[in-house]
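Side chains are part of it too, since the values below use all heavy atoms of this structure and drop only hydrogens, waters and symmetry mates. A, B, ... follow the sequence lines: proteins, then strands. Residue 1 opens every chain.
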Protein chains: 2
Amino acid sequence: MVKTGGPTRAASAPVLDSMDFALDRGSPVPLYYQLAQQLESAIEHGVLAPGNLLGNEIDLSTRLGLSRPTVRQAIQSLVDKGLLVRRRGVGTQVVHSQVKRPLELSSLYDDLEAAGQGPTTRVVRNERVAAGADVAAALGLAEGAEVVVLERLRSTHGQPMAYLCNYLPAALLELDTARLEATGLYRMMRTVGITLHSARQTVGARCAAPEEAARLDERPGAALLTMERTAYDDTGRAVEFGTHIYRASRYAFDFQLLVRP
Amino acid sequence: MVKTGGPTRAASAPVLDSMDFALDRGSPVPLYYQLAQQLESAIEHGVLAPGNLLGNEIDLSTRLGLSRPTVRQAIQSLVDKGLLVRRRGVGTQVVHSQVKRPLELSSLYDDLEAAGQGPTTRVVRNERVAAGADVAAALGLAEGAEVVVLERLRSTHGQPMAYLCNYLPAALLELDTARLEATGLYRMMRTVGITLHSARQTVGARCAAPEEAARLDERPGAALLTMERTAYDDTGRAVEFGTHIYRASRYAFDFQLLVRP
DNA sequence: CAGTGGTCTAGACCACGGG
DNA sequence: CCGTGGTCTAGACCACTGT
């Protein structure tokens, strides 16, 4: 009862018709997620080229043996990532290039990922102190509460690139210096069961004071990129407050953002 | 402020039980969206305080006369905004403060919204030129293609704050100088039917060259915040390439980001 | 153990866009 | 007009969390 007949091969014949997907119902991985991953991979490898239509959801779901909501969930997740665009009366198509690698969002990740990989990190300071007014306010603690202050110099190719100063509630976790240099701060938090939820960032610039310049091997007055961040876990606790400075001659924030309708 | 007896409310008494929602099935506004808006408003006004549980989805749906998926869709949209957190076996609760005003994402919006509101914008240059190599590459055009170059000085309180230089494909839209100063670039695009989809940004810093300093009323060598952006519409066309410089003494990017699991 | 969210199904009608 | 995605329903079972 294949009523659909042969879909007339219009200019934009759904490439998806000839694709096959391997869905494993025994897997603990959700079906919608399996489908989303395979679609994403197909897009990434060029099997689904920019502008290609995906074909309507009904056909897709019957062909895959899934319900329509499940297929929609998979597609929606890729729309949220910016890889697909849906239009009523038209269809779902692969976004016209340029998105590819989302780069994730801004510097939270390059801190998170880069730690312990390419760059070198040297812990300059790692001790418990009483929180000053600004730090206490940022972390939502009482002034004078015990916090860990952490200063790190991050370098690449033997050249200093950034000077990171962070404050954390002392009760949060144990900060072993050796592990910090090898593993990175956010990874250490995650292993202790802290799941990051959101962060508030301010990015600015200023000229290097003599002391800062010396630390970063710059000349005094050189342009520095500054970043102040407070990160919160999923219970709403502030888990980190940081003041970072980057050599503008060697570093810039690079990120992509999606416009939500 | 009316206090509710104890400082901490019992977690097992969902505040939501006593709330009523006005859902209009005749409205063109989707039910899940109506619910989401009213929940968000309740959170914003403190009716739902941080840490409060929302009560389970089944009860909620029967009490509202909605199906569970519809209620889930409403809740999910707020989870995506970072206002709610869901945990299996626990429940859905309001995130512990600090998120409140999402501020949207970074400068795309303050450009977008601020235009035509508080700040003053003076169009310094608005003409058609042949695209240079860099501009052509950024916009995906052939070198020498006709583009509109736009230079604007943005001020607040009578003081210059930023110098914005933008390039747009000439065929895209008509750029009336008077309207530009009153309405803003992105709003003009939207009225012509261009829907922004994504943008790629690079934020850096440098010291002001004499010419730049003069334009911004800064001293030469002062720190400047720089931003380079290419914006794309939902078909993947590059619709704008811009190089902006901000006085670091008067401006910083301030944004919030959510960590996706 | 009981209760929660996470996933999935098989239908339905509506609103919009294009020919 | 037809086909598309957008919304909605009323169930179901599973996986995880806490006691």
Side-chain angles (χ1 to χ4, degrees), chain A residues 3-5 7-8 10-14 16-17 23-37 52-80 84-95 193 195 234-235 261, chain B residues 10-14 16-17 23-37 52-80 84-94 193 195 234-235 261:
Chain A
K3 180 188 183 303
T4 64
T8 47
S12 47
L16 213 60
D17 287 0
L23 298 174
D24 176 9
R25 283 180 181 275
S27 163
V29 179
L31 291 172
Y32 81 89
Y33 194 78
Q34 293 182 37
L35 177 55
Q37 278 187 321
N52 280 164
L53 284 171
L54 235 62
N56 76 52
E57 300 170 346
I58 311 279
D59 286 357
L60 194 51
S61 57
T62 60
R63 204 145 45 73
L64 295 175
L66 296 174
S67 69
R68 188 186 167 203
T70 301
V71 172
R72 271 185 71 81
Q73 194 175 359
I75 293 177
Q76 186 59 47
S77 70
L78 297 185
V79 171
D80 290 341
L84 297 177
V85 179
R86 291 207 254 216
R87 298 170 204 264
R88 270 189 189 167
V90 179
T92 303
Q93 46 187 323
V94 180
V95 86
T195 60
D234 53 7
T235 71
Chain B
S12 52
L16 211 61
D17 287 359
L23 298 175
D24 176 9
R25 285 181 122 74
S27 163
V29 178
L31 290 173
Y32 80 89
Y33 194 80
Q34 293 183 37
L35 177 54
Q37 278 187 322
N52 280 165
L53 283 171
L54 234 62
N56 76 53
E57 300 170 346
I58 312 281
D59 287 357
L60 193 51
S61 57
T62 60
R63 203 145 46 73
L64 295 174
L66 296 175
S67 69
R68 188 185 165 203
T70 301
V71 172
R72 270 186 71 80
Q73 193 175 0
I75 292 177
Q76 186 59 48
S77 70
L78 297 185
V79 171
D80 289 341
L84 296 177
V85 180
R86 292 209 254 214
R87 297 171 205 261
R88 264 190 204 178
V90 177
T92 304
Q93 46 187 321
V94 180
T195 59
D234 53 7
T235 72

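Heavy atoms only, all atoms of each residue included: B/Val29 and B/Gln34 are closest at O-NE2, 2.9 Å. The nearest pair of heavy atoms linking A/Leu23 to A/Leu64 is CD1-O, 4.1 Å. Nearest heavy atom pair, residue A/Leu84 against residue A/Leu54, reads CD1-CD2, 4.0 Å. Contact record, A/Leu66 with A/Val71: CB-CG2, 4.0 Å, taken as the closest heavy-atom pair. The two residues A/Leu31 and A/Asp24 come nearest to each other via the heavy atoms CD2-O, 4.2 Å.
As rounded to whole Å, 11 Å separates atom P of C/dG18 from atom CD of A/Gln93. For A/Arg86 and C/dC16, the CZ to P distance is 17 Å, given to the nearest whole Å.
Heavy-atom distances to DNA chain C give each of A/Val71 and A/Gly89 a nearest nucleotide, and the one nearer the 5′ end belongs to A/Val71. The residue among B/Pro69 and A/Glu57 whose nearest nucleotide of DNA chain D lies closer to the 5′ end is A/Glu57.
Not one side-chain nitrogen or oxygen of B/Thr92 sits closer than 4.0 Å to the OP1 or OP2 atom of C/dT4. A sub-4.0 Å separation between OP1 or OP2 of C/dG3 and a side-chain N or O of B/Asn56 is absent. B/Tyr32 has a side-chain polar atom (N or O) that falls below the 4.0 Å cut-off from OP1 or OP2 of D/dT7.
In this structure, A/Leu31 reaches the sugar-phosphate backbone alone: every heavy-atom distance under 4.0 Å involves primed, P, OP1 or OP2 atoms, never a base. If you check every strand for non-hydrogen atoms under 4.0 Å, B/Arg72 touches a base.
Atom CG in A/Asn56 sits 8.0 Å away from atom OG1 in A/Thr62 (nearest 0.5 Å).
The salt bridge (charged side-chain N to carboxylate O under 4.0 Å, His left out) contacts involving residues 64-74 of chain B comprise B/Glu57-B/Arg68, B/Glu57-B/Arg72, where partners must be two or more places apart or lie in separate chains.
Comparing C/dG17, C/dT7, D/dT17 against the side chain of B/Val90 picks out D/dT17 as the nearest. Nearest to the side-chain atoms of B/Gln73 among the listed nucleotides D/dC8, C/dC8, C/dG5 stands D/dC8.
Comparing the helix axis at one end of the helix from C/dC1-D/dG18 to C/dG18-D/dC1 with that at the other, each defined from 5 consecutive pairs, gives an inter-axis angle of 20° (nearest 10°).
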Can you pull every protein N or O that's under 3.5 Å from an N or O on nucleotides 12-14 of chain C?
residue	atom	partner	partner atom	Å
C/dA12	N6	A/Arg68	NH1	3.2

